[in-house]
Structures are given as structure tokens and as C-alpha cells.
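Have a look at the structure below, then the notes.
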Amino acid sequence: MIITEQKTVEEISKALEKHSKVFIFGCGSCATAWHTGGEPEVKEMAAKLMELGKTITGWTVSEECCDERKIKREIRGHKGAIEEADAFLVMSCGAGVRTIALVDEERPAYPALNSLYLARLERLTKSEEGCVLCGDCILDKTGGICPMTTCPKELLNGPCGGYKDGMCEVDPERPCAWILIYERLKKFNQMEKYEAIQEPKDQSRRKHPRHVDKGAAEKVAV
Ligand code: SF4
Ligand code: SF4
């Protein structure tokens, strides 16, 4: 899940200062589950913007704002209300805002949310960064614990010299990632993985923009 947070009303108001008629997109996927851009939040946002004197020409919660096909369908389905609007406010992650901005070239799309991280959920109100999409997964070598997201220094070989009583020197409230990795590998009788030196990652796999065209090739372009 992509974790998002709502921007302040002041920030949104500033972004929309040149616009009086706004169409709002919510997202039925991550932003609905995380309660930052589902139907209740869209309605709340519409009410706040009306208090600020904006006209809300319409709103919808798209199944997924990052899916161009679904956005095209939504735009066709809300043609009249969208043609009346002079801007979109999008309550989704940045990928959703970008998709809407690319599909409709007639009016600008503004983000109502900040995109924070790709998460694993502990429960519906508690999440933790799960993956930074490094393009070269090494969880098979680390007992399923990602050093890129769990160690603040992203160390591929650890621990560093700073851990104390099993806790991280950067954040003493959290266990050292490499102590966790050690314990997992020991439990699974895979200590040879712990002792092996991890080579530096191929950073070109994180070069932007990454893209995949499954019709053309089955690999990430770098
Ligand atoms: S190593 Fe970590 S950041 Fe890289 S793909 Fe695996 S989980 Fe994601
Ligand atoms: S103490 Fe452990 S988790 Fe913290 S920075 Fe050092 S190796 Fe990484």
C-alpha cells in the first residue's frame, strides 16, 4: 500500500488560488484504505473548499487513480461536471495525480496528498515502510528483512559499530536491522548467508524513469 497524508487546507488553498471551479478525484485503492482519499475524505474536502468559496462541480472516487484506463472511463462518465471545472484536486498518491494530469490536458491536476512510502500494514492504522523498490531484491539473503528500509544507513553488510543492546544507534527505540537479520538466519540455519559479503547494489536499476512494457519486453528498462 502507498501511504499518504493530507496536505493542509492552507497548502491546498494556495495551490488552487487561481481556480474557482474544482472537480475532486478520490482513489478507491490505497487512499481509501488509509482514509486519506476515500469517499468520506472527498466529501469533507469538498465542504472545506466550498467554505473557502470554491464551486465543486463534481467528484468521484476512481477505483484506482494510477490506472489510465480507469481514469479515462471516469472522465467520460463525468464529462459535464469536468468540463465545467477549471482544475482537478486529486486525493491519491502522486502516481494518480500524474495519471490524471496526463489523461486530461485541458485543466491542471493538483495533489491534495503527500505520498510518503510503500508500506506493509500492521493494522489499518499502523504501517511501516516495506520496500523502496530498489530493483534488486535481496530478501532471500536476509531472512525476509529488508536492510534498505529497516536500517537507516541502508547497510547491505551489518551491523555497524553503533548498535547497543540489540538496538539501532540512529533510532534507539528500534531494534538494529542486522541483529534481526542475524537472528532470523540463525533460526533458519542459514548463517552462511549472514557471513557472505553482499556486493554493492546496481544503482542503475533505480535510475528514473523506470518503466516496463510487457508487450515489448519483460524487463525493467535502465
Ligand atoms: S531489498 Fe528491500 S527495497 Fe529492495 S526490493 Fe527487496 S524489499 Fe524492496
Ligand atoms: S545500528 Fe543496525 S540498524 Fe542501526 S544503522 Fe547500524 S546497522 Fe543499521
Side-chain angles (χ1 to χ4, degrees), residues 1-5 27-37 64-68 92-99 111 113-222:
M1 178 188 285
I2 307 283
I3 300 297
T4 48
E5 64 174 9
C27 180
S29 187
C30 306
T32 286
W34 196 241
H35 301 294
T36 47
E64 279 169 337
C65 287
C66 57
D67 187 329
E68 200 169 303
S92 77
C93 73
V97 184
R98 291 195 57 214
T99 303
L113 309 182
N114 293 317
S115 304
L116 300 180
Y117 53 87
L118 177 59
R120 63 175 192 85
L121 287 189
E122 284 178 39
R123 52 180 185 267
L124 277 178
T125 53
K126 189 174 179 198
S127 72
E128 183 177 81
E129 190 167 20
C131 174
V132 291
L133 310 176
C134 73
D136 180 16
C137 194
I138 57 164
L139 291 180
D140 57 317
K141 303 181 181 83
T142 57
I145 293 164
C146 172
M148 308 291 287
T149 54
T150 318
C151 169
K153 296 177 189 170
E154 297 190 8
L155 293 182
L156 295 180
N157 297 281
C160 70
Y163 79 94
K164 194 174 170 198
D165 299 328
M167 305 304 273
C168 174
E169 72 164 343
V170 179
D171 181 355
E173 301 290 311
R174 296 179 57 87
C176 165
W178 275 97
I179 298 298
L180 295 176
I181 292 169
Y182 173 88
E183 286 168 353
R184 294 275 291 187
L185 291 175
K186 193 171 169 198
K187 182 175 176 183
F188 298 148
N189 199 22
Q190 296 181 359
M191 287 305 283
E192 73 286 355
K193 292 184 179 175
Y194 180 77
E195 278 150 23
I197 302 294
Q198 293 288 337
E199 296 294 323
K201 280 187 176 286
D202 176 2
Q203 295 298 334
S204 69
R205 296 195 60 86
R206 294 173 83 174
K207 202 170 107 189
H208 302 293
R210 292 182 277 188
H211 63 277
V212 174
D213 182 348
K214 279 186 153 186
E218 287 282 340
K219 68 194 265 283
V220 176
V222 292

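Indexing begins at 1, ligand by ligand and atom by atom, following the structure's order. Values below: every heavy atom of this structure, side chains too, minus hydrogens, waters and symmetry copies.
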*Any donor and acceptor pair, going by atom type alone, linking the side chain of Lys201 with main-chain N or O of Asp136 inside 3.5 Å?*
yes
_With a 3.5 Å distance limit and no angle check, can you tell me whether Thr32 reaches the backbone of Cys27 through a side-chain donor-acceptor pair?_
yes
Can you list the ligand 2 atoms lying under 4.0 Å from a non-hydrogen atom of [X]?
X      : result
Tyr163 : 1 (S)
Glu169 : 1 (S), 4 (Fe)
Lys153 : 5 (S)
Leu155 : 7 (S)

*Of all the atoms in Cys131, is at least one N, O or S atom closer to atom 6 (Fe) of ligand 1 than 2.8 Å?*
no
*asked:* Among all protein heavy atoms in this structure, tell me which lies nearest to atom 2 (Fe) of ligand 1, with the distance rounded to 0.1 Å.
replied: Cys146 SG, 2.3 Å
*Around atom 4 (Fe) of ligand 1, find the nearest protein heavy atom and jot down its residue, atom name and distance.*
Cys134 SG, 2.3 Å
Closest heavy-atom pair and its distance - [X], [Y]:
X      : Y      : value
Gly143 : Arg184 : O-NE, 3.0 Å
Trp34  : Thr4   : CD1-O, 3.2 Å
Pro200 : Leu156 : CA-CD1, 4.1 Å

*Any side-chain donor near an acceptor of the partner, Glu5 and Asn114, under 3.5 Å*: yes
*asked:* Under 4.0 Å between a side-chain nitrogen and a carboxylate oxygen: does that hold for Glu128 and Arg174?
replied: yes
*Is Glu122 salt-bridged to Arg120, going by a charged N under 4.0 Å from an acidic O?*
yes
*So is Gly158 in contact with ligand 2, going by heavy-atom distances below 4.0 Å?*
no
_Metal proximity, Cys160 vs atom 2 (Fe) of ligand 2, N/O/S cut-off 2.8 Å_ = no
_Interfacing atoms of ligand 1 (cut-off 4.0 Å, heavy-atom, Cys137)_ = 1 (S), 5 (S), 6 (Fe)
*asked:* Check for me whether Ile138 has a heavy atom closer than 4.0 Å to any atom of ligand 1.
replied: yes
_If you count heavy atoms of other groups shown closer than 6.0 angstrom to CG of Asn189, is the number above 12?_
no
*asked:* Would you say atom 4 (Fe) of ligand 2 has Cys151 as a near neighbour, meaning an N/O/S atom of that residue under 2.8 Å away?
replied: no
*Which part of Thr149 is near ligand 1, with near meaning a heavy atom under 4.0 Å away: side chain, backbone, both or neither?*
neither
*Select the closest option to atom 3 (S) of ligand 2 among Ala177, Pro172, Pro159, judged by heavy-atom distance.*
Ala177
